[in-house]
Amino acid sequence: MTAVKIASLVALRGPLEKLAEGLKDYPQIILNVKVKTKPPMESLPDVSRALGEAQKALGENGRVVLRYSGTEPLARVMVEAERHEDVKRYSESIASALRAAIGA
């Protein structure tokens, strides 16, 4: 279905390269942190602080996704931003806070 949709877009709007011209590719890191329990993230002060700091610093130039795995005792930390240094810094900061609070 995806291939049909893309083929339709190409037929209507031109080559795929032209459609992807404005696309920005940001570096991304996903870290898995083993956890003992899965309390609400907002109930973990240091995790909330690290998450808020990352979101504030990255603003519109990045994003952070923090969630628990549905099938494993893991918390997943995904950070993407324009600069690899920021991605590394904030993903490690959040992962470290998680390990300290509920790490296995």
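Note that the coordinates shown come from a computational prediction; the quantities given were computed from them, not determined experimentally.
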Could you give the side-chain donor-acceptor pairs of residues 91-102 under 3.5 Å, partners two or more places apart or in another chain?
unit_1, atom_1, unit_2, atom_2, d
Ser91, OG, Val87, O, 2.8
Ser91, OG, Lys88, O, 3.2

Open item on the list: When you measure from the side chain of Lys38 to the backbone of Ser69, do you find a donor-acceptor pair of N or O atoms at a distance under 3.5 Å?
Closed with: yes
Task: Ala57 backbone acceptor or donor facing Tyr90 side chain under 3.5 Å - done: no
Open item on the list: According to side chain to side chain contact (heavy atoms under 4.5 Å, CB included), who are the partners of Lys36, at least two apart in sequence or on a separate chain?
Closed with: Ala104
Open item on the list: When you measure from the side chain of Ser43 to the backbone of Pro39, do you find a donor-acceptor pair of N or O atoms at a distance under 3.5 Å?
Closed with: no
- [ ] Using the rule that two of Ile, Leu, Val, Met, Phe, Trp, Tyr join whenever any of their side-chain heavy atoms come within less than 4.5 Å, decide whether Val35 and Met41 are in one cluster.
- [x] yes
- [ ] Kindly give the cluster partners of Met78, where membership spreads through any ILVMFWY side chain lying under 4.5 Å from a current member.
- [x] Ile30, Val65
Open item on the list: Minimum heavy-atom separation for Val10 and Pro15, please, with both atom names.
Closed with: CG1-CA, 4.4 Å
Open item on the list: Taking the side chain as everything from C-beta on, heavy atoms only, tell me whether Leu58 gets closer than 4.5 Å to Val79.
Closed with: yes
Open item on the list: Taking side-chain hydrogen bond (donor to acceptor under 3.5 Å, both in side chains) as the definition, give me every residue that meets it alongside Lys5, ordered by chain and number, with sequence neighbours left out.
Closed with: none
- [ ] Under the side-chain hydrogen bond (donor to acceptor under 3.5 Å, both in side chains) rule, collect the residues that match up with Gln28, sequence neighbours excluded.
- [x] Glu80
- [ ] Please name all residues satisfying side-chain hydrogen bond (donor to acceptor under 3.5 Å, both in side chains) with Gln55, sequence neighbours left out, ordered by chain then number.
- [x] none
Task: side-chain hydrogen bond (donor to acceptor under 3.5 Å, both in side chains) involving Glu53 - partner list, sequence neighbours excluded - done: none
Task: Contact summary for Thr37 and Tyr68, nearest pair of heavy atoms - done: O-CE2, 4.2 Å
- [ ] Hey, could you give me each pair passing side-chain hydrogen bond (donor to acceptor under 3.5 Å, both in side chains) that has a residue in residues 9-25? Not counting sequence neighbours.
- [x] Lys24-Glu82
Task: Which residues share a side chain to side chain contact (heavy atoms under 4.5 Å, CB included) with Pro45, sequence neighbours left out - done: none
Task: Apart from Val4 itself, residues in the same hydrophobic cluster as defined by side-chain heavy atoms under 4.5 Å - done: none
TODO: Apply side-chain contact (heavy atoms from CB on, under 4.5 Å) to Ile29 and His84, showing your working.
DONE: CA-CA 9 Å; Ile29 290 178; His84 186 272; 4.3 Å; yes
Task: Under-4.0 Å salt bridge between Asp86 and Arg83 - done: yes
- [ ] List, by chain and number, the other hydrophobic cluster members for Leu12, where Ile, Leu, Val, Met, Phe, Trp and Tyr join if side-chain heavy atoms come within less than 4.5 Å, directly or indirectly.
- [x] none
TODO: Let me see the working for Leu66 and Val47 under side-chain contact (heavy atoms from CB on, under 4.5 Å), right down to the final yes or no.
DONE: CA-CA 10 Å; Leu66 178 58; Val47 174; 3.7 Å; yes
Open item on the list: Membership question, hydrophobic clusters at under 4.5 Å side-chain separation (ILVMFWY): are Leu74 and Leu44 in the same one?
Closed with: no
Task: Pairing residues for Arg67 by the salt bridge (Lys or Arg N to Asp or Glu O under 4.0 Å) criterion, not counting sequence neighbours - done: none
